[in-house]
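Structure first, commentary second.
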Amino acid sequence: MNEDELVARIRRMAEPGARRRLVLGIGDDCAIYRPRAGEELVFTTDLFIEDVHYRLKNEQAGVLGRRALARSLSDIAAMGATPRFCLVSLALSKRTDHKWAEAFYRGLLALARESGTALAGGDFSHAARVVCDVMVCGSVARGKALRRDGARVGDAIYVSGPLGGWRHRAEIVPRLDIGRRIASKATAAMDISDGLSTDLWRLCIASGVAASLDGPLPVLAGATLDDALNGGEDYELLYTAPQKVRVPGMRIGSIVEGRAGDVFLMGLKVKARGYDHLSSSRR
Ligand SMILES: [Mg+2]
């Protein structure tokens, strides 16, 4: 099978969702998406690389395809946005053939359909290891996107579910529903991709505030407090809202006055020890 045949197959798999959303989908030089009046577009892109994010021999292609899209959809959820379309680029290796690629896309497209995300295009190439990049565009009512920089002293801090990191989580479930429900209520939001200790620090730095966590934190079955703070790849949402505003999720603490970025758990300073790609690549 050559590249054009593979593209034709993927295009047939993608068509039902794409027709609903796009003016023009796969098959031309660019896709066309026409934004509606009053909506603002949000964009995110995530790399998903063999031996960095997963081991090829441990995973099924379809599971990886689904996960590749889920990671980017989590960012869309964190903005309180609704996904509209995605662009997926995939470099295959010697150990992955067109059958593997088709299964990868089948997994990805199942989640695309569930979440209303059209596959608008992408690119194929080859490399020593499998490399995938998923770019997603979402939309949100003008001025309503949830950013990281809006947390204020006195706000309560929430997570959308218990934490524990990738070792204790079978699947990434992008919290699109919660993102939309908190869209007009939360003061700041982000998704937890690198661990609560690092991501809450980031939110606090962006907002110029400090955070105080109450114990005990909601922890997944079998996970430790260290997994919940530093494990990474939870893909739950982390958000803040004024105390009086009712939002879904689990309350874990409060925004407090203090040095920007300081995070305390039951009075003790928490170090940001989540995942850092740059320090990991220097090891
Ligand atoms: Mg994120």
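Quick caveat, the model's predicted, so the values are computed rather than measured. As the structure lists them, so they are numbered: ligands from 1, and atoms in each ligand from 1.
Side-chain contact of Thr44 with Asp75: a donor-acceptor pair under 3.5 Å is present, judged by distance alone.
Residue pairs meeting the side chain to side chain donor-acceptor pair (under 3.5 Å) criterion with at least one member in residues 212-222: none, sequence neighbours excluded.
Listing protein N, O or S atoms at distances below 2.8 Å from the Mg ion (ligand 1), with waters left out, gives Asp75 OD1, Asp191 OD1.
Judged as a ring pair (Phe, Tyr, Trp, His ring centres under 6.0 Å), and not counting sequence neighbours, the contacts of Tyr158 are Tyr239. For Asp29, the salt bridge (Lys or Arg N to Asp or Glu O under 4.0 Å) test picks out no residue, with sequence neighbours left out.
More than 12 heavy atoms of other residues, nucleotides or ligands lie within 6.0 Å of CD in Glu5, so this atom counts as buried by the packing criterion. Within 6.0 Å of atom CD in Gln60, 12 or fewer heavy atoms from other residues, nucleotides or ligands are found, so the atom counts as exposed in its surroundings.
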